[in-house]
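Counting starts at 1 for both ligands and their atoms, following the listed order. For the numbers below, each heavy atom of this structure counts, side chains included, while hydrogens, waters and symmetry mates do not. Count residues from 1 along the sequence.
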Amino acid sequence: MQKINTVDNKRARAIGRALLAWYEKHRRELPWRKSQDPYAVWVSEMMLQQTQVSTVIPYFRSWMERFPNVSALANAEESDVLHAWQGLGYYSRARNLRRAAQQMLQVHDGRVPELVSELLALPGIGPYSAGAIASIAYGHPEPLVDGNVIRVLCRLFALRGDPNRAPLKAAIWEHARELIPKQAAGDFNQSLMELGATVCTPRNPRCKLCPVANHCQALPQGLVDVLPELPARAKPTQVHMVAAVATRGSRVLVTKLRPDAPRWAGMWLFPNAELAASETPEAGVSRALHSSVGLRCEAKALVCVVRHTVTRFRITLDAYRATASGGVAKTLTVSECAWQDPRDLRGLAMPKAHRAIADRLLSEA
Ligand code: SF4
């Protein structure tokens, strides 16, 4: 039985032409758009997940210098990969890049594969990334759907309902597939994302500049500000944490998290803990140090306060200088611990909040 398209063919072609012409003229010049190197496309797409373009640009440039191809990444130490990624957050992306590169070396002769089915078999590559690599790097007419595409398509076709749930989720993928002009899949997919990022924005979309305004169904129906109908975000949760900057002479203690740690696995941190209700910061610092490396300490001066956000958690991290006692540090809940000169902390992979503490120590040194 012949499949009936959701989008009328004539309309799909008109939308495709309008978006491609607009993209040709208005697209941002971004470093990963300089070539269609599949490796560069893959790395940039992984970096861009949950992260703004302006943040990604310097990371992408230095990554490509440090790990210019699949083989360089596959053969790199995990600690070097995490070091290159530090500050970008969601570190499982970096670990998955390296693991996927190793599989590409073993299974695909060091090439980024081009079929969606092959891409989906690799760590860290989901339907969005597979569609992006297959279409942008190889020109296959494969759709991709990210937050920008969801917004544009929900408005363009006045699609009601929660776009992250069936049946609308599947319908959006179907719309995205049917719109693709076969000869320009990569540019078309990028034009949809670019429109969402620069014109059809979440707030105050610039409909007067929109190349597909005459096809937009949300506009005449007054639904632009209503769509997409995303569920309300969970309220942020405040979390108060403390970190121990334990010193011995001029050295400070840092610990490396175990490979199975739920967050920041394999990275270096100052011993830390979430404060329990009614626990004093001094007691929390002492508990953090004792539970991770078995040392006692007395918290002294506050080094700095670091505020950061991890998913819906708004974290306040108070770092206290503390003189450690109790013998040799043991690896109780961590995989390694080391007394380091603060200057040598630069070479360790640390998450952003702990890097901020290290930077403060360096500025005081
Ligand atoms: Fe988005 Fe406005 Fe364009 Fe519709 S007309 S697709 S709401 S920017």
Chemist: Would you give the length of the straight line joining atom CZ of Arg312 to atom NZ of Lys235, rounded to the nearest 0.5 angstrom?
Modeler: 12.0 Å
Chemist: Please state which protein non-hydrogen atom is closest to atom 1 (Fe) of ligand 1 and give its distance, to 0.1 Å?
Modeler: Cys200 SG, 2.4 Å
Chemist: Is it true that the side chains of Gln190 and Arg27 contain a donor and an acceptor less than 3.5 Å apart?
Modeler: no
Chemist: Just to confirm my output: which protein heavy-atom neighbour is closest to atom 2 (Fe) of ligand 1, and how far is it?
Modeler: Cys207 SG, 2.3 Å
Chemist: Using a 3.5 Å distance criterion without hydrogens, assess whether the side chain of Glu229 forms a donor-acceptor pair with backbone atoms of Pro163.
Modeler: no
Chemist: What atoms of ligand 1 come within less than 4.0 Å of a heavy atom belonging to Arg155?
Modeler: 7 (S)
Chemist: With side chain to side chain donor-acceptor pair (under 3.5 Å) as the test, pick out the partner of Thr323 among Glu298, Lys300, Arg248, Arg296.
Modeler: Lys300
Chemist: Is there a heavy atom in Val152 that sits closer than 4.0 Å to ligand 1?
Modeler: no
Chemist: Which atoms of ligand 1 sit under 4.0 Å from any heavy atom of Ala213?
Modeler: 5 (S)
Chemist: Check whether any N, O or S atom of Cys216, backbone or side chain, sits closer than 2.8 Å to atom 4 (Fe) of ligand 1.
Modeler: yes
Chemist: Of the protein's non-hydrogen atoms, which lies at the shortest distance from atom 3 (Fe) of ligand 1, and what is that distance?
Modeler: Cys210 SG, 2.3 Å
Chemist: Starting at CG of Asn272, measure out to CD1 of Ile357 and round the result to the nearest 0.5 Å.
Modeler: 8.0 Å
Chemist: For Val224, counting its heavy atoms only, list the atoms of ligand 1 lying under 4.0 Å from any of them.
Modeler: 7 (S)
Chemist: Look at the aromatic rings of His354 and Phe270 and report parallel, tilted or perpendicular, splitting at 30° and 60°.
Modeler: parallel
